[in-house]
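Worksheet: the structure to be examined is printed underneath.
Since the structure is predicted, the reported quantities are computational estimates derived from the model, not experimental observations. All residue numbers in this chain count up from 1 along the given sequence.
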Amino acid sequence: MDPIAADLATVDAHIRGEAQDPASVLGLYTEDVVLEMPSRALTLTSHAAIEANYRRMFAAMAEVEITPVDRFATSDRVVDECLVRFRLVADGFENAPVPVGSLVELRLMHVFAMRAGRIARETVYEGWQRIG
């Protein structure tokens with residue numbers, strides 16, 4: 001498989017699996033992975049911290065609707081953009097800019113730095129909008 005196709009497959013597996021079973025996607029990351037969410041001032045640098053964050057975050061969401069916008073790759077990057085609508089039902093989104101109970105539209109831009117078919121860095125840019 002060509003490297004770009006392999007990187008796209010890795011990111012697809014990550015996006016599909018992170019909410020279902022956070023532990024299942026950890027093998028898609030390098031051992032030295034960095035996950036950064038600048039808009040919420042979060043940087044995670046271990047598989048354990050990433051898994052714990054995903055478990056809290058996805059448990060805090062209800063009524064989730066995801067609309068893919070675009071996904072493309074170069075030889076060492078994958079960019080994924082989507083719109084996510086959900087109701088924030090608990091405090092699991094650390095530093096969320098809206099209160100629990102809010103209906104949210106979240107514009108997400110993931111930039112994945114890839115190394116040997118695995119995610120070495122994931123930077124998630126979030127555009128939050130309270131819609132209810």
Side-chain angles (χ1 to χ4, degrees):
M1 179 184 291
D2 89 74
I4 291 176
D7 289 348
L8 284 166
T10 296
V11 167
D12 189 65
H14 169 73
I15 297 291
R16 292 180 185 277
E18 66 183 351
Q20 310 295 19
D21 180 9
S24 73
V25 302
L26 298 178
L28 302 173
Y29 290 120
T30 61
E31 292 304 316
D32 61 344
V33 67
V34 174
L35 171 56
E36 182 180 14
M37 292 147 280
S39 63
R40 291 188 289 126
L42 293 177
T43 300
L44 307 172
T45 58
S46 73
H47 288 195
I50 290 168
E51 180 181 359
N53 177 70
Y54 281 152
R55 291 194 184 283
R56 285 188 313 272
M57 186 175 71
F58 291 118
M61 300 167 69
E63 305 166 34
V64 179
E65 299 173 26
I66 301 172
T67 305
V69 175
D70 196 12
R71 182 179 294 161
F72 62 91
T74 67
S75 62
D76 63 352
R77 297 277 189 277
V78 177
V79 176
D80 181 85
E81 181 181 8
C82 63
L83 283 173
V84 182
R85 285 187 179 208
F86 64 93
R87 185 165 305 279
L88 187 61
V89 295
D91 288 326
F93 257 96
E94 191 171 335
N95 301 329
V98 299
V100 170
S102 298
L103 185 59
V104 174
E105 183 171 274
L106 185 57
R107 185 81 176 234
L108 289 178
M109 175 79 68
H110 292 85
V111 179
F112 297 93
M114 308 297 293
R115 186 183 330 127
R118 294 170 65 200
I119 300 164
R121 183 176 191 88
E122 178 180 2
T123 307
V124 185
Y125 300 97
E126 302 170 337
W128 289 75
Q129 182 177 0
R130 185 175 179 186
I131 57 174

Heavy-atom side-chain contact between E122 and V33 under 4.5 Å: no
If two hydrophobic side chains count as joined below 4.5 Å and joins carry through other members, does I4 share a cluster with F72? no
Parallel, tilted or perpendicular: which one describes the rings of F93 and F86, with boundaries at 30° and 60°? parallel
Less than 4.5 Å apart, side chain to side chain, heavy atoms only: is that true for E81 and R107? yes
Please indicate whether R16 has more than 12 foreign heavy atoms, meaning atoms of other residues, nucleotides or ligands, lying under 6.0 Å from its CZ. no
Shortest non-hydrogen contact from G17 to S24? O-OG, 4.0 Å
For atom CG of D91, decide whether the heavy atoms of other residues, nucleotides or ligands shown that lie under 6.0 angstrom number more than 12. no
Determine the minimum heavy-atom distance between E94 and R40, stating which atoms define it. O-NH1, 2.8 Å
Hphob cluster co-occupancy, L83 + F58, side-chain heavy atoms under 4.5 angstrom: no
Are M114 and P3 side-chain neighbours, meaning at least one heavy-atom pair lies under 4.5 Å? no
Considering non-hydrogen atoms only, spot the tightest contact between G101 and R87 and give its length. O-NH1, 2.9 Å
Salt bridge (Lys or Arg N to Asp or Glu O under 4.0 Å) involving R77 - partner list, sequence neighbours excluded: none
Contact summary for A120 and T30, nearest pair of heavy atoms: CA-OG1, 3.4 Å
Mind checking the CG-OG1 spacing from L35 to T123? Nearest 0.5 Å is all I need. 8.0 Å
Where is the tightest heavy-atom contact between D7 and S75, given as atom of each residue plus distance? OD2-O, 3.7 Å
Quick one: sort the H110 and H14 rings into parallel, tilted or perpendicular, breaks at 30° and 60°. perpendicular
Is it true that E31 and R118 have a side-chain N and a carboxylate O under 4.0 angstrom from each other? yes
Nearest 0.5 Å, what's the OG-CD distance between S102 and Q129? 12.0 Å
G117 backbone acceptor or donor facing T10 side chain under 3.5 Å: yes
Could you state the interatomic distance from CZ (R56) to CE (M61), rounded to the nearest 0.5 Å? 14.5 Å
Could you tell me whether the side chain of N53 reaches within less than 4.5 Å of the side chain of M37, counting heavy atoms only? yes
Out of curiosity, does L108 fall in the hydrophobic cluster containing I66 (side-chain heavy atoms, cut-off under 4.5 Å, transitive links)? yes
Side chain to side chain contact (heavy atoms under 4.5 Å, CB included) between T43 and V34, intermediate numbers included: CA-CA 7 Å; T43 300; V34 174; 3.9 Å; yes
Hey, quick one: are L42 and M109 part of the same hydrophobic cluster, counting side-chain heavy atoms closer than 4.5 Å, chains of contacts allowed? no
Examine V124 and V98 and state if one hydrophobic cluster contains both, with Ile, Leu, Val, Met, Phe, Trp and Tyr joined whenever side-chain heavy atoms are less than 4.5 Å apart. yes
Over all heavy atoms of both residues, which pair between A41 and N95 is shortest? Give the atoms and the distance, please. O-ND2, 4.3 Å
Taken in chain and number order and not counting sequence neighbours, the residues that satisfy salt bridge (Lys or Arg N to Asp or Glu O under 4.0 Å) with E36 are R121
Under the side chain to side chain contact (heavy atoms under 4.5 Å, CB included) criterion, do V104 and R85 qualify, and how do the steps go? CA-CA 6 Å; V104 174; R85 285 187 179 208; over 6 Å; no
With a 4.0 Å cut-off, would you call R55 and D21 a salt bridge? yes
As a quick check of understanding, evaluate side chain to side chain contact (heavy atoms under 4.5 Å, CB included) for I15 and F112, giving each step before the final call. CA-CA 11 Å; I15 297 291; F112 297 93; 4.2 Å; yes
To the nearest 0.5 Å, tell me how far D32 CG sits from R115 CZ. 4.0 Å
